[in-house]
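The structure under discussion appears below in the form of structure tokens.
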Amino acid sequence: MTEVDYAFAIRPLYHYLCECGDTARIYRTQNAYLFALIDVLGHGAEARKTAILAEKYLDNHFELDLLSLLLGLHASLLDSRGAVGALCRFIPGTGLLTYTGIGNIAVRIVGNKSQSLPMRDGVLGYRTIRPRLLEMTLKPGEMLLLHSDGIRAHFNPLECAGLYLRDAQYIADTLIDTYCTQNDDASCIVVKYLA
């Protein structure tokens, strides 16, 4: 599967990954990728403990269907400080993108125009959540972008269009450096579907 260039970047508020509540996970199966971005409420060492719970759950269950995976993640975070998160499964051969999530993780498609994908309100690990599974087709040349609220919500991805000609790691690092807030952890996943 060489049709995909992907990367993530994380910038902890306190500059130590051991004190970061944001986490990114990328899994590759035989014909698909799973991209997971989780933002634990708050920041610092206590947020990191909850992020580790999320990572362990995802590492052990990433092959589940997305709704089961999200509901299981929610259950695994009960009695924690809670988190928001997005899960995206992408099949490069068909361009099929399925996604689900809870909270204020941004999921965007960047191509000829920028499109924000809808998310459900709520907190993973707190009360009842009602996730929904949505799907769409990602076209070659388009990019999937996931980011936490540690990156400013209202930046226009097209205002730095030349950036998107670069590789995924460069894009992820630049988005963190350019658009991160100064009062929270920040994270993003960049997925380029190569033409």
Side-chain angles (χ1 to χ4, degrees), residues 1 4 6-10 17 20-109 115-138 144-151 153 184-191 193:
M1 285 193 287
V4 179
Y6 57 88
F8 67 88
I10 297 174
L17 279 175
C20 187
D22 283 17
T23 188
R25 284 292 200 252
I26 299 173
Y27 306 94
R28 181 177 172 178
T29 59
Q30 189 171 13
N31 68 340
Y33 293 90
L34 174 69
F35 302 99
L37 192 66
I38 307 297
D39 177 3
V40 173
L41 304 184
H43 42 265
E46 288 302 311
R48 182 67 193 140
K49 289 178 185 176
T50 301
I52 290 170
L53 291 175
E55 290 170 354
K56 288 180 178 177
Y57 179 82
L58 291 168
D59 288 348
N60 289 317
H61 299 91
F62 68 90
E63 292 187 353
L64 291 173
D65 67 89
L66 288 187
L67 284 179
S68 297
L69 185 61
L70 191 71
L71 290 169
L73 179 60
H74 172 67
S76 75
L77 296 181
L78 291 172
D79 301 320
S80 74
R81 62 175 37 212
V84 296
L87 306 174
C88 299
R89 183 163 278 130
F90 179 58
I91 303 174
T94 64
L96 179 64
L97 173 68
T98 53
Y99 72 97
T100 188
I102 294 293
N104 61 346
I105 294 287
V107 180
R108 298 178 176 195
I109 303 297
Q115 175 186 1
S116 293
L117 305 182
M119 297 290 285
R120 285 285 173 104
D121 290 336
V123 176
L124 296 168
Y126 181 69
R127 296 195 178 174
T128 302
I129 60 170
R130 291 181 174 81
R132 64 180 170 181
L133 186 66
L134 299 169
E135 64 180 48
M136 62 179 301
T137 301
L138 196 64
L144 172 67
L145 172 62
L146 294 80
H147 67 82
S148 70
D149 66 348
I151 293 181
D184 201 357
D185 300 325
S187 58
C188 68
I189 296 176
V190 173
V191 183
Y193 187 20

Answer whether the closest heavy-atom distance between the side chains of Leu144 and Phe90 falls below 4.5 Å.
-> no
Any side-chain heavy-atom pair from Leu71 and Ile129 closer than 4.5 angstrom?
-> yes
Would you check if Leu87 and Leu69 make a side-chain contact, meaning some heavy-atom pair closer than 4.5 Å?
-> yes
Output yes when a side-chain donor or acceptor of His74 lies under 3.5 Å from a complementary backbone atom of Leu124, and no otherwise.
-> no
Where at least one partner belongs to residues 116-135, residue pairs that pass side chain to side chain donor-acceptor pair (under 3.5 Å), sequence neighbours excluded | none
Nearest heavy-atom pair of Pro92 and Tyr33: which atoms, and what distance?
-> CG-CE1, 3.7 Å
Could you tell me which non-hydrogen atom of Cys88 sits nearest to which non-hydrogen atom of Leu97, and how far apart they are?
-> CB-CD1, 3.9 Å
Shortest non-hydrogen contact between Leu37 and Ala24, atoms and distance | CD1-CB, 3.8 Å
Residues Leu53, Ser76; criterion side-chain contact (heavy atoms from CB on, under 4.5 Å); working and verdict | CA-CA 7 Å; Leu53 291 175; Ser76 75; 5.6 Å; no
To the nearest 0.5 Å, tell me how far Ile10 CD1 sits from Asp22 CG.
-> 6.5 Å
Kindly compute the distance separating CZ (Phe8) from CG (Leu146), expressed to the nearest 0.5 Å.
-> 13.0 Å
Mind checking the CG-CD1 spacing from Leu138 to Ile91? Nearest 0.5 Å is all I need.
-> 12.0 Å
side-chain contact (heavy atoms from CB on, under 4.5 Å) assessment of Lys49 paired with Arg81 = CA-CA 9 Å; Lys49 289 178 185 176; Arg81 62 175 37 212; over 6 Å; no
Quick one: does Val84's side chain get under 4.5 Å of Met119's, heavy atoms only?
-> no
Once the angle between the rings of Phe62 and Tyr27 is folded into 0 to 90°, is it parallel (under 30°), tilted (30 to 60°) or perpendicular (over 60°)?
-> parallel
Under 3.5 Å donor-acceptor, Tyr6 side chain and Ile189 backbone | no
What do the steps show when you test Thr50 against Ile38 for side-chain contact (heavy atoms from CB on, under 4.5 Å), and what is the final call?
-> CA-CA 10 Å; Thr50 301; Ile38 307 297; over 6 Å; no
Between Cys20 and Arg48, the two heavy atoms sitting closest are O-CD, 3.0 Å
When rounded to the nearest 0.5 Å, the distance separating CG of Asp39 from NE2 of His147 is 11.5 Å
When Ile26, Thr29, Leu66 are each screened for side chain to side chain contact (heavy atoms under 4.5 Å, CB included) with Leu34, the one that passes is Leu66
Asp185 side-chain N/O to Gly21 backbone N/O, donor-acceptor pair under 3.5 Å = yes
NE2/His61 to NZ/Lys56 distance, rounded to the nearest 0.5 angstrom?
-> 13.0 Å
Go through Thr23 and Val40 one step at a time and tell me if the side-chain contact (heavy atoms from CB on, under 4.5 Å) criterion holds.
-> CA-CA 8 Å; Thr23 188; Val40 173; over 6 Å; no
So, does Ser148 use its side chain to make a donor-acceptor pair with the main chain of Ser187 at under 3.5 Å?
-> yes
Taking all non-hydrogen atoms of both residues, which atom of Val123 and which atom of Gly82 are closest, and how far apart?
-> CG1-CA, 3.9 Å
What is the distance from atom CD1 of Ile109 to atom OH of Tyr193, rounded to the nearest 0.5 Å?
-> 12.0 Å
Flag yes if more than 12 heavy atoms outside Phe35 fall under 6.0 Å of its CZ atom; otherwise flag no.
-> yes
Taking every non-hydrogen atom, the tightest pair across Cys188 and Leu145 | CB-CD1, 4.4 Å
